[in-house]
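Okay, so here's the structure we're looking at.
The first residue in the sequence is number 1, and the count goes up from there. The analysis underlying the following values was restricted to heavy atoms, covering all of them including side chains, and did not include hydrogens, waters or symmetry mates. Order of listing sets the numbers, starting from 1, for every ligand and every atom in it.
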Amino acid sequence: MVKKGDCMNFPKSVLLVCLGNICRSPSAEAVLRQKITQKNLDIVLDSAGTAGYHIGEKPDNRAITVGEKLGYDLSQLRARQIQWEDFYRFDIIFAMDKNNFNDLQKLQKKAQNFHLNQPIGTLLAFDTIDVADPYYGNLDDFRQMFVQIQKTADNWISIWQNNNQNLTKL
Ligand code: 4NP
């Protein structure tokens with residue numbers, strides 16, 4: 001398989017994926033966007049869902065409300081479903097939980113059948129443990145989701161920043 005450049009060093013583009021693209025992945029997109037802007041990192045971000053239940057919808061109101069309290073603006077985001085082209089457009093595709101990861105793996109295999117010789121993105125788990133789906137939960141579940149996403153986003157940013165600094169020094 002032809003892989004995109006060494007994306008762990010410093011990705012140019014990152015796609016965050018959950019099931020519906022209205023709770024976890026838009027929240028992660030908003031958190032990461034704020035952090036990469038603050039750190040002046042040049043990374044294109046987007047999010048999508050493996051399912052198409054909520055295409056065109058705003059993020060869940062609870063994600064918008066809790067996000068706003070924490071200083072993140074989710075109000076302009078709209079849900080979309082992942083397309084096979086996304087596997088070629090993004091250096092990293094982050095799955096928010098194991099189900100998302102398994103679904104993405106199947107989709108990625110199908111996508112590879114179309115463009116065998118084009119570099120494909122790397123599929124990774126966003127965190128070492130699942131970001132729990134808060135959709136059937138309460139506001140507290142959304143708060144916990146943001147706490148986990150913030151921590152994990154900080155980890156990724158520091159990995160990318162360190163690698164970026166090392167690359168600049170070469
Ligand atoms: P998300 O949460 O994958 O974090 O956006 C969900 C949103 C909607 C549904 C499930 C999970 N749903 O079944 O409609």
Side-chain angles (χ1 to χ4, degrees), residues 7 11 13-38 41 43-112 120-160:
C7 69
S13 52
V14 170
L15 180 68
L16 298 132
V17 182
C18 60
L19 177 63
N21 193 211
I22 56 167
C23 301
R24 292 165 293 173
S25 60
S27 303
E29 181 185 347
V31 170
L32 261 179
R33 176 158 291 119
Q34 194 192 78
K35 290 178 186 293
I36 65 168
T37 304
Q38 282 166 353
L41 298 174
I43 304 175
V44 172
L45 286 179
D46 198 3
S47 65
T50 55
Y53 313 138
H54 298 280
I55 292 173
E57 291 178 22
K58 279 185 177 186
D60 187 288
N61 274 330
R62 296 164 294 178
I64 294 180
T65 306
V66 174
E68 204 171 282
K69 286 214 171 97
L70 295 168
Y72 307 108
D73 182 15
L74 277 74
S75 64
Q76 301 308 307
L77 301 175
R78 296 294 178 271
R80 72 175 183 94
Q81 188 171 19
I82 189 163
Q83 308 291 310
W84 67 264
E85 291 92 335
D86 289 319
F87 292 100
Y88 294 92
R89 283 178 47 214
F90 292 91
D91 290 337
I92 293 180
I93 296 132
F94 275 132
M96 303 307 283
D97 70 21
K98 279 187 207 70
N99 288 333
N100 306 147
F101 190 92
N102 292 338
D103 290 341
L104 285 168
Q105 227 172 11
K106 285 178 205 146
L107 289 170
Q108 194 183 37
K109 281 199 183 117
K110 284 190 194 159
Q112 268 169 251
I120 198 158
T122 301
L123 179 56
L124 294 173
F126 180 65
D127 199 350
T128 48
I129 54 167
D130 285 353
V131 180
D133 186 354
Y135 185 65
Y136 293 105
N138 55 31
L139 273 184
D140 226 37
D141 296 307
F142 278 82
R143 285 189 204 101
Q144 281 174 37
M145 171 193 76
F146 269 102
V147 170
Q148 183 180 359
I149 286 172
Q150 283 175 313
K151 255 196 214 160
T152 308
D154 280 335
N155 285 340
W156 283 115
I157 298 268
S158 68
I159 289 169
W160 296 332

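- For ligand 1, one of its N or O atoms has an N or O atom of R24 under 3.5 Å away.
- The shortest N or O to N or O distance between D133 and ligand 1 is below 3.5 Å.
- Contact of the I157 side chain with the Q38 side chain is not registered, since no non-hydrogen atoms from C-beta on lie closer than 4.5 Å.
- Side-chain N or O atoms of N61 include none that pairs as donor or acceptor with a backbone N or O of I64 at under 3.5 Å.
- Annotation for ligand 1: atoms under 4.0 Å from non-hydrogen atoms of Y136 are 13 (O).
- Atoms of ligand 1 lying under 4.0 Å from at least one heavy atom of C18, given by number and element, are 1 (P), 3 (O), 4 (O), 5 (O).
- The protein non-hydrogen atom at the shortest distance from atom 12 (N) of ligand 1 is Y135 CE2, 3.5 Å.
- Atom numbering of ligand 1 starts at 1 in the shown order; those under 4.0 Å from a heavy atom of I22 are 5 (O), 7 (C), 8 (C).
- Residue L19 approaches ligand 1 through these ligand atoms, each under 4.0 Å from one of its heavy atoms: 3 (O), 10 (C), 11 (C).
- Using a 4.5 Å cut-off on side-chain heavy atoms (C-beta onward), S27 and Y72 make no contact.
- Counting heavy atoms from C-beta on, the side chains of V17 and S25 never come closer than 4.5 Å.
- Listed by atom number, the atoms of ligand 1 under 4.0 Å from G20 heavy atoms are 1 (P), 3 (O), 5 (O).
- When non-hydrogen atoms are compared, ligand 1 lies under 4.0 Å from neither the backbone nor the side chain of D60.
- Ion pairing between R143 and D140 holds under the 4.0 Å rule for side-chain N and carboxylate O.
- Residue C23 has at least one heavy-atom neighbour below 4.0 Å for each of these atoms of ligand 1: 1 (P), 2 (O), 4 (O), 5 (O).
- Each of M96, R24, Q148, K98 was scored for a side-chain contact (heavy atoms from CB on, under 4.5 Å) with D130, with one residue passing: K98.
- Screening L32, V31, N21 against L16 for a side-chain contact (heavy atoms from CB on, under 4.5 Å) leaves a single residue, L32.
- At least one side-chain heavy atom of F87 sits less than 4.5 Å from a side-chain heavy atom of I82.
- Ring-plane geometry between F126 and F94 is classed as perpendicular, the angle between the planes exceeding 60 degrees on a 0 to 90 degree scale with a lower cut at 30.
- Counting heavy atoms closer than 4.0 Å to ligand 1, residue F142 contributes nothing at all.
- Ligand 1 lies nowhere less than 4.0 angstrom from a heavy atom belonging to M96.
- Nearest protein heavy-atom contact of atom 14 (O) of ligand 1 is H54 NE2, 2.8 Å.
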